[in-house]
J.: 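Encoded as structure tokens, here's the structure I'll be asking about.
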Amino acid sequence: WRLAGWAASGFGSATTAWSGVWAQAPAQTPDQAVVADPKPDAAHPANLHQIRYPTGGVEVPARFFVAAGAGPHPTVLLLHGLPGTELNLDLARAMQRAGWNVMAIHYRGLWGSPGQFSLTHAAQDARAALAYLHDPGMAEVIDAKRIVLVGHSMGGFATVMTGDDPGAAGFVTISAWDPTADAPSMAPDKRAAMAASWSPDLSYTNITFDGMADDIVGNVEAWDWARNGAEMAGRPVLIIDSDDGLAPRGDALALAVGQAAKTGGGPAPTRLTFRTDHSYNDSRIALASAIVAWLRKTFPD
């Protein structure tokens, strides 16, 4: 693995800023669930279903990967970024082979989904999808005590914003994006210069750049990164970053979770950094192996 660090305990002093300095991780063998198919279970085969979950008065498409074997199974709610070019479905398949169900959602107003897209709605959609997984009708398939949110980029933002939900047993963020850090560049006098760079991604949504900028500027206080991150404490948290420039926000998240854990109890966050880009293009097997290994260790059968 080309990693800049792995620490099982994960956190330094709560009185100082997160250092972000790690020893080089030793080479590790990829998890078998990432690189090899399991023996088929004829009685309870793995499956993939098209589903829709209710949120904001509409029903939004999602994919539900069912793990092989008799249920109920631990389950991941997989939250992709903006606009969702990288869906991380390779991670979904690896986790499915490892014995986890995975619900991979879209959001309102994105890739043709019904409803209006916004960052506010994306966070609400994540919470609605988590409620869907806790529906009593899913109890035969889902172990409701082991539901973990895994969010990449904007999905990491949605994961942090869902940190106060007791329905989540744990959290994984992958290059989580903190929109409030971009609020200064969203000021009205700076928007013209910014709009062009956002245009390609927003073209896959039904929101305008001004609409998204208004959403960010209007929610700086509500989306406070440290305060919301602290709500995740008390449950296991894995914070993953790369060389894409977002690692300082991962450091801030780790600091917030670690301080809250020291004060209120719970495990320290685990911090992991890859030397790759925002989509982890040349580290997909390593990324999947790291997540699967953490899930196995943190939520054993």
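Counting from 1, the numbers follow the sequence of the chain as shown.
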J.: So for atom OH, which belongs to Tyr204, do other residues, nucleotides or ligands contribute more than 12 heavy atoms lying within a distance under 6.0 Å?
T.: no
J.: Applying ring pair (Phe, Tyr, Trp, His ring centres under 6.0 Å), name anything that partners Tyr280, two or more places apart in sequence or on another chain.
T.: Phe274
J.: When you check the gap from the basic side-chain N to the acidic O, do Asp90 and Arg284 get nearer than 4.0 Å?
T.: yes
J.: Report, one line per pair, each donor and acceptor closer than 3.5 Å where one atom sits in a side chain of residues 51-67; sequence neighbours left out.
T.:
residue : atom : partner : partner atom : Å
Tyr53   : OH   : His106  : O            : 2.7
Thr55   : OG1  : Asp125  : OD1          : 2.6

J.: Within a reach of under 6.0 Å around CG of Asp301, are more than 12 heavy atoms found that belong to other residues, nucleotides or ligands?
T.: no
J.: Regarding Asp277 and Ser279, do their side chains bring together a donor and an acceptor under 3.5 Å, going by distance alone?
T.: no
J.: Please determine whether a side-chain nitrogen of the Lys or Arg among Asp164 and Arg127 lies less than 4.0 Å from a carboxylate oxygen of the Asp or Glu.
T.: yes
J.: Check this for me: does any side-chain nitrogen of one of Arg93 and Asp37 sit under 4.0 Å from a carboxylate oxygen of the other?
T.: no
J.: If the plane angle is over 60° it's perpendicular, under 30° parallel, otherwise tilted; pick one for Trp100 and Phe299.
T.: perpendicular
J.: Is a donor from one side chain sitting under 3.5 angstrom from an acceptor on the other, for Thr276 and Asp282?
T.: yes
J.: Which donor-acceptor pairs under 3.5 Å do side chains of residues 147-157 form with protein atoms, sequence neighbours excluded?
T.:
residue : atom : partner : partner atom : Å
His152  : NE2  : His278  : O            : 2.9
Ser153  : OG   : His278  : NE2          : 2.9

J.: Yes or no on side chain to side chain donor-acceptor pair (under 3.5 Å) for Asn101 and Arg146, after CA distance, side-chain angles and deciding distance?
T.: CA-CA 10 Å; Asn101 302 322; Arg146 291 189 292 169; over 6 Å; no
J.: Give a yes-or-no answer on whether the side chains of Gln124 and Arg108 include a donor-acceptor pair shorter than 3.5 Å.
T.: yes
J.: With no hydrogens and no angle check, just 3.5 Å: does a side-chain donor-acceptor pair link Thr180 and Asp178?
T.: yes
